[in-house]
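None of these values were measured; they are calculated from a predicted model.
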Amino acid sequence: MTGRIHALALFFALALFLLGLRAWQLQVLEYERYALRSQGNYLKTEDIPAPRGKILDRKGRVLAQDRLVVDLVYTGGEVAFKERLLPLLGLEDLPQVAEPTVLKAGVPEALRPTLEELTAGQKNLYLRERIERYYPNPISGPVMGYVLRANAAQVKQGYSPEEEVGQAGLEAALEPYLRGKRGVRAVEVNVRGERLRETVLEEPTPGQDVVLTLDLALQRAAEKALEEALADINAGRRLNGLPEEKQVKGAIVALDPTTGEVLAMASAPSFDPNLFAKRPVPEEAKALLEDKNLPLLNRAVQPYTPGSTFKLATSYALLEEGYVTPATTYRCSPYIVFGGQVRRNWASRDMGPMTVREAIAWSCNTWYYQAVAQDPLGFVDRLARLAKLLGLGEPTGLEVAEKTGLLPTRAWKREALGEPWYPGETLSVAIGQGAVLATPAQIARMLATIATGGNKPALHLVKAIGGVPVQPRWERVPGRYWKVLQEGLRKTVSEGTARFVLGEFPVPTGGKTGTAETPGKRRGLEHAWYMGYGPTDGSPYPPLVVVAFFENGGEGSRVALPAVRKVMAAYWGIK
């Protein structure tokens, strides 16, 4: 009997020893493994969104920043205080939902305390904070761009589904700098899913602030000049028996020619970038994507037929390649006959003998026809090469996406169209017609190069990133006749096609009008251009280049010239 008792006692002792050994193994040797598995039942990690960097104008005025907003979220089912909630939310009843739904996006500050009280303790109705992009001083939407929540492709690249990503304009171009680094927090919840406590594991890192070269005041003046041009456009439409236009389509670019800093860039039609920042994105913003007037398009960096503004590139090429000298004279006749075709000047009268200076000032087509008719097949390739030296047909240096335009050559036409180049095409290109295309930004860069006597600046919209200044860049363009070109530009204002608007302007300026014919369009639907710069006499006013372009706006002198005058007046403080 005693042996059986001893055996039973030994069995229990061994069993207790094994249980103790297993407990020691679980609680000591494998503690971390099972502790983490246990905590996984009530601990979860969440991303902490990182604020995007601010965008400021050159004087520190905020153009874009993030702000904290609160949404009211509903997950379905019955809620308490329904009779009080519905009137506050402007609803007749709660929607039928199968997943969390925002009932009220961007709850107003005054309404938050009331909603906090009414939602307290309700699992299916709660307030949720999020970061929203905000534009306190919204500038031209096509230039600033906009943000949207990350799409599927961007999530694969590492973005959070709730993260806002620059989709166009400066917001997209500066995305690598504006985007911050998300933080991480651990959230403890109970079995009912209620949040008990939070611990920040990694603080978010805000994106870098970006200071632009834009001046908000001048930007406003450029945008206003675009809007006010509608009256001038429609005055021309009436003269030509055309229906009135309802929407301006064009762009204005203003810059410091000595540094390439863009002081204003406006595009019309435009939009308020705040529209895309709202959640959910309103129908008004979605409609912009289908608007036939293309309000999302930044026309400052789109290529168009440049018209007579291109005559400065032609003048530069004619002089530098020795086709003409500053003293070469051709008669500005009403027309010439070339290749059996009559090619006309814009004026029906004989304007007399002219040098290149007067040809620029009076925009004489027949002067240029005669000058390039010496060697039409050879000159077109030389013109393309020298026009590129002035900044046409290549990127300007801008941070935003831009088109490069087109400088046609014989080889280009053969490769693109499988056709030979005809001599008469050179005459068209020489006056900015035909296949040649340039953007308003490129025209501004060309004028800056001429105005500074051959210093071609790289254009830029960014002045500093994260407190680090962006250094201006430029290259020297060879040339012996900058002064001749400048004299022609000055004559445009003092006695030529711009005299009636800028002739008595307090600051002496130079410039060039342009009226570019558009294929298949009636008279009055030309592209309107004017490029101007000043001061031209060394006066103490700060240097400025302004280019205005209006798509199908009519005559450049009627529409674009007054717009440039308004921007110049705003910059130099002239009333």
Side-chain angles (χ1 to χ4, degrees), residues 45-71 105-106 128-185 198 200-216 219 261-262 265 271-279 281 285 296 298 397-402 460-471:
T45 59
E46 291 181 348
D47 287 335
I48 306 174
R52 288 174 71 80
K54 295 178 183 177
I55 301 178
L56 307 101
D57 89 328
R58 65 187 298 114
K59 295 181 180 177
R61 291 168 287 203
V62 178
L63 304 179
Q65 64 183 14
D66 280 0
R67 64 178 177 182
L68 194 66
V69 296
V70 175
D71 296 338
R128 181 180 66 189
E129 291 183 342
R130 64 176 169 83
I131 292 176
E132 179 179 87
R133 198 62 162 165
Y134 173 55
Y135 303 88
N137 292 296
I139 65 168
S140 187
V143 178
M144 176 58 73
Y146 57 92
V147 298
L148 290 174
R149 274 188 279 193
N151 57 36
Q154 290 162 339
V155 170
K156 287 182 180 179
Q157 295 169 5
Y159 283 93
S160 162
E162 295 297 316
E163 198 167 353
E164 292 187 324
V165 187
Q167 304 291 341
L170 285 164
E171 286 281 21
L174 301 173
E175 177 68 20
Y177 309 104
L178 295 172
R179 183 191 181 193
K181 182 182 178 183
R182 298 193 304 272
V184 180
R185 63 181 160 223
E198 298 178 3
V200 175
L201 303 179
E202 184 178 350
E203 293 283 357
T205 304
Q208 299 180 72
D209 291 345
V210 176
V211 179
L212 302 181
T213 58
L214 298 178
D215 182 294
L216 181 59
Q219 178 73 21
E261 292 183 343
V262 178
M265 179 180 284
F271 64 91
D272 184 347
N274 282 302
L275 281 175
F276 287 93
K278 296 181 183 298
R279 298 292 178 265
V281 177
L296 303 184
N298 183 359
L398 289 169
E399 294 82 358
V400 295
E402 60 176 329
H460 56 288
L461 283 156
V462 176
K463 193 170 181 66
I465 299 176
V468 179
V470 173
Q471 298 301 321

Peer 1: Donor-acceptor pair, distance only, cut-off 3.5 Å: does the side chain of Asp209 make one with the backbone of Lys54?
Peer 2: yes
Peer 1: Under the salt bridge (charged side-chain N to carboxylate O under 4.0 Å, His left out) criterion, do Arg61 and Asp215 qualify, and how do the steps go?
Peer 2: CA-CA 9 Å; Arg61 291 168 287 203; Asp215 182 294; 3.6 Å; yes
Peer 1: Okay, side chain of Glu164, backbone of Arg133: is any donor-acceptor separation there less than 3.5 Å?
Peer 2: yes
Peer 1: Sub-3.5 Å donor-acceptor pair from the side chain of Thr213 to the main-chain atoms of His460, do we have one?
Peer 2: yes
Peer 1: How are the rings of Phe276 and Tyr146 set to each other: parallel, tilted or perpendicular (split at 30° and 60°)?
Peer 2: parallel
Peer 1: Under 4.5 Å between any side-chain heavy atoms of Val69 and Arg279, yes or no?
Peer 2: no
Peer 1: Can you check side chain to side chain contact (heavy atoms under 4.5 Å, CB included) on Ser140 and Met265, steps first, answer last?
Peer 2: CA-CA 8 Å; Ser140 187; Met265 179 180 284; over 6 Å; no
Peer 1: Kindly write out the residues that satisfy side chain to side chain contact (heavy atoms under 4.5 Å, CB included) with Val165, not counting sequence neighbours, or none if the list is empty.
Peer 2: Ala150, Gln154, Tyr159, Gln167, Glu175
Peer 1: Kindly give the heavy-atom pair with the smallest separation between Val400 and Ala173, and that separation in Å.
Peer 2: CA-CB, 4.1 Å
Peer 1: To the nearest 0.5 Å, what is the distance between CG (Asn137) and CD1 (Ile55)?
Peer 2: 12.5 Å
Peer 1: When you measure from the side chain of Glu171 to the backbone N and O of Val147, does any donor-acceptor pair fall under 3.5 Å?
Peer 2: no
Peer 1: Report the distance from atom CD1 of Ile139 to atom CG of Asp272, rounding to the nearest 0.5 Å.
Peer 2: 11.0 Å
Peer 1: If you apply the rule side chain to side chain contact (heavy atoms under 4.5 Å, CB included), what do you find for Val468 with Gln208, and how did you get there?
Peer 2: CA-CA 10 Å; Val468 179; Gln208 299 180 72; over 6 Å; no
Peer 1: To the nearest 0.5 Å, what is the distance between CG (Asp66) and OH (Tyr134)?
Peer 2: 12.5 Å
Peer 1: Report the distance from atom CD of Glu203 to atom CZ of Arg185, rounding to the nearest 0.5 Å.
Peer 2: 10.5 Å
Peer 1: Show the nearest heavy-atom pair for residues Leu174 and Val462, with the distance to one decimal.
Peer 2: CD2-CG2, 3.7 Å
Peer 1: What's the separation between atom CG in Leu214 and atom CZ in Arg58, rounded to the nearest 0.5 Å?
Peer 2: 8.5 Å
Peer 1: I'd like to know whether Glu261 forms a salt bridge (charged side-chain N to carboxylate O under 4.0 Å, His left out) with Lys463, so could you lay out the CA-CA distance, the side-chain angles of the two residues, the decisive distance to 0.1 Å, and finally the verdict.
Peer 2: CA-CA 8 Å; Glu261 292 183 343; Lys463 193 170 181 66; 2.9 Å; yes
Peer 1: Of all the heavy-atom pairs spanning Pro273 and Gly141, show the shortest one and how long it is.
Peer 2: CD-CA, 4.3 Å
Peer 1: Name the one of Arg149, Arg182, Arg52 that satisfies salt bridge (charged side-chain N to carboxylate O under 4.0 Å, His left out) with Glu163?
Peer 2: Arg182
Peer 1: Do Glu162 and Arg130 pass the salt bridge (charged side-chain N to carboxylate O under 4.0 Å, His left out) test, and can you show the C-alpha distance, the side-chain angles, and the key distance before you say yes or no?
Peer 2: CA-CA 9 Å; Glu162 295 297 316; Arg130 64 176 169 83; over 6 Å; no
Peer 1: Do you know which two heavy atoms are closest between Leu275 and Ala285, and how far apart they sit?
Peer 2: CB-CB, 4.0 Å
Peer 1: State whether the side chain of Asp57 and the backbone N or O of Leu216 hold a donor-acceptor pair below 3.5 Å, judged by distance alone.
Peer 2: yes
Peer 1: Between the main-chain N or O of Val143 and the side-chain N or O of Asn298, is there a donor-acceptor pair closer than 3.5 Å?
Peer 2: no
Peer 1: Minimum heavy-atom separation for Pro142 and Phe271, please, with both atom names.
Peer 2: N-CE2, 3.6 Å
Peer 1: For the CD atom of Glu129 and the CG atom of Asp71, what is their distance to the nearest 0.5 Å?
Peer 2: 10.0 Å
